[in-house]
Amino acid sequence: MRETIQISSRYGDYDVIVGRNVLTRKTLHIDCLAKAKKVAIISQKNILELHGEKLLKSLSIPKERLFIRTVQRSEKAKSIETCTRLWQELLKEGFSRDSLIVAFGGGVVGDLAGFVASTLLRGIPWLNIPTTLLAQVDASVGGKTGINVPQGKNLVGAFYPPKRVIVHTAFLDTLSKKELKSGLGEVLKYAIGIDQRVWLKCKRESFKATPSAGLVTACLRAKADVVTKDELEGGLRKILNLGHTLAHAIEGAAPAKMSHGEAVAVGLRYALALAFKHGVASSEYVSEALDLLGKAQLAKRPPSGLTFTKLLPFFAVDKKSEKGGLTWVLPTGPGQCKLVKGLDNNQLAKVYTEF
Ligand code: GLY
């Protein structure tokens, strides 16, 4: 089964092709690849070892036009130093605006390769072929690219969508439990506060096996609906940060203590507690949502010793922080949420110590 989801963007529409076995010559039949004089695959060593042969066979590009570059297997790869290396290496190889970058990996690879594509020669085309659950259900769609700086994650970047996203869910079979859990945090974000279709699918999922192509597709449809309406995060798209305000602060204050998805799961529990406290979520809904998180066996608490005071500086640099305070995304019912501004720090701290 193969589905195509179309996304509208100020750079032109693009397709997300999703299904269990969709990385083929046929789905890679796209103008920017056919015309590309040079193609760079940006990936990681372990991904190429596992799936590189499949990618090369599907791309079927002569060796002299193909360049393969690998980056570190952690958030550390999303640095200005890695960008500088890639910019310089590709320029030395003669990359021009009719060249192409192929991002092949998880969220780190997609964010970094997309940012390099957005900045090299003021923008060259790129394709995204995500291999992790987190990237397949969320990060690969919507055009967010970026790198990290000492002040926080993803604080430098661009909205620059790929020309096509190919979501080959068979890649999920090789993921470790930890990597799957990291993606489940995002899946549950969609279920709990963004889209009822994902909520219903998650109710039926045991989360014991690799998520089905149907569940991945439901998340992608949910994301497509949001980013098509608000590509640049002027309003509606902020809902996709459900669970992320606390998650990003945890990742900033206690780097590498938790995977992104586990931090999102903790952020979702906190958002549910805040929503209940503020009277915008019923106890029945909150307990059903907590059951879903429990079923997926995701983390319940922030890393030990991480006090609210330690998190505060990271809330201040949150991208949703503007005049009038930080915008919180509070879940209100299955697949629904609302944006709330100006929550008081004392209340936030109280719920943090209690949840
Ligand atoms: N991952 C949130 C967004 O794409 O807006």
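Counting starts at 1 for both ligands and their atoms, following the listed order.
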F355 ring center within less than 6.0 Å of F276 ring center: no
Ion pair D225/R197, N-O distance below 4.0 Å: yes
Closest protein heavy atom to atom 4 (O) of ligand 1, given as residue, atom name and distance to 0.1 Å: K223 NZ, 2.5 Å
T245 side chain to W328 side chain, donor-acceptor N/O pair below 3.5 angstrom: no
Side chains of E231 and S9, donor plus acceptor under 3.5 Å: yes
Distance-only polar pair, side chains of H51 and S43, donor-acceptor under 3.5 Å: no
Heteroatom distance test (E233, ligand 1): nitrogen or oxygen, under 3.5 angstrom: no
Nearest candidate to atom 2 (C) of ligand 1, where distance is taken over non-hydrogen atoms, out of L242, L240, N154: L240
Within-cut-off N or O pair, K144 and ligand 1, under 3.5 Å: yes
Residue, atom name and distance, where the atom is the protein heavy atom closest to atom 1 (N) of ligand 1: D138 OD2, 2.8 Å
